[in-house]
Amino acid sequence: MQAQMLAPAAVLVLWSIVMLFWMAFTRLPAMKKLGSGGGLREAKPGGRGQDLEGVIDDRINWKAHNYAHLMEQPTIFYPTVIILAIMGAGSWDVLLAWIYVVLRIIHSVYQATVNVVKVRFLFFALSSLALTILAIRAVMATLFFNPSLAPI
């Protein structure tokens with residue numbers, strides 16, 4: 001069951017990399033259009049992605065916003081999945097992990113393309129619910145673990 005429990009985390013890692021490239025492949029051409037040549041050569045020293053807010057089209061920045069989101073809440077998902085994989089995940093844990101990942105991917109695509117906050121929040125709330133249940137399961141698996149029941 002460990003591999004099945006870790007698979008959703010691996011998929012979310014790969015999805016985060018997809019979003020990184022999607023962000024780069026849309027932002028870099030937009031930056032190049034700025035000024036005379038623009039792009040990274042003319043970026044101010046110490047500049048950050050946030051500096052592009054209001055400078056390039058919002059639709060392009062949406063990809064960066066989502067990439068940042070993938071570096072936030074999923075940082076709780078990854079250790080939760082690892083804890084459950086170590087402690088012995090059940091089929092419900094695996095299902096909840098996949099639900100979380102699928103909802104995060106839907107959230108990403110929606111935020112990067114349509115981005116109506118009311119709808120996007122629904123995906124976020126549902127994925128947060130799945131993560132909350134997983135976190136409770138991880139706490140239960142560790143706090144109430146009985147070593148005498150563990151296989152040798």
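Note that the coordinates shown come from a computational prediction; the quantities given were computed from them, not determined experimentally. The first residue of the sequence shown is numbered 1, and numbering continues consecutively from there.
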Just how far is it from atom [atom1] of [X] to atom [atom2] of [Y], taken to the nearest 0.5 Å?
X      : Y      : atom1 : atom2 : result
Met87  : Met140 : CE    : CE    : 12.0 Å
Met5   : Ile83  : CE    : CD1   : 10.5 Å
Leu96  : Leu129 : CG    : CG    : 8.5 Å
Met23  : Tyr67  : CE    : OH    : 6.0 Å
Leu126 : Leu103 : CG    : CG    : 6.0 Å
Asn61  : His65  : CG    : NE2   : 4.5 Å

Is any side-chain heavy atom of [X] less than 4.5 Å from a side-chain heavy atom of [Y]?
X      : Y      : value
Val11  : Trp98  : yes
His107 : Ser127 : no
Val119 : Tyr110 : yes
Leu70  : Ser108 : yes
Val109 : Asn66  : no

What's the shortest heavy-atom distance between [X] and [Y], and which atoms?
X     : Y      : answer
Thr80 : Ala138 : CG2-CB, 4.0 Å
Trp62 : Thr113 : CZ3-O, 3.2 Å
Ala97 : Pro8   : CB-CG, 3.7 Å
Gln2  : Ala85  : CG-O, 3.0 Å

When hydrophobic residues are tied together by side-chain contacts of less than 4.5 Å, even through go-betweens, does [X] share a cluster with [Y]?
X      : Y      : result
Val101 : Val18  : yes
Phe21  : Met71  : yes
Ile86  : Ile76  : yes
Phe145 : Leu134 : yes
Leu14  : Met19  : no

Will you find, in the side chains of Arg59 and Asn115, an N or O donor that is under 3.5 Å from an N or O acceptor?
->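 The criterion, which ignores hydrogens and geometry beyond distance, is not satisfied for Asn115 and Arg59.
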If we ignore angles and hydrogens, is there a donor and acceptor under 3.5 Å between the side chains of Gln111 and His69?
->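 On atom types as modelled, these side chains qualify, holding a pair under 3.5 Å.
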Given Tyr100, which of Phe77, Tyr78, Phe124, Phe123 fulfils the ring pair (Phe, Tyr, Trp, His ring centres under 6.0 Å) condition?
->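 Checked Phe77, Tyr78, Phe124, Phe123 against Tyr100; only one passes ring pair (Phe, Tyr, Trp, His ring centres under 6.0 Å): Phe77.
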Check against side chain to side chain contact (heavy atoms under 4.5 Å, CB included), Leu122 and Lys118 = CA-CA 7 Å; Leu122 178 63; Lys118 185 168 59 171; over 6 Å; no
Lys63 (side chain) donor-acceptor with Trp22 (main chain) under 3.5 angstrom |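 Judged by distance alone, no pair lies under 3.5 Å.
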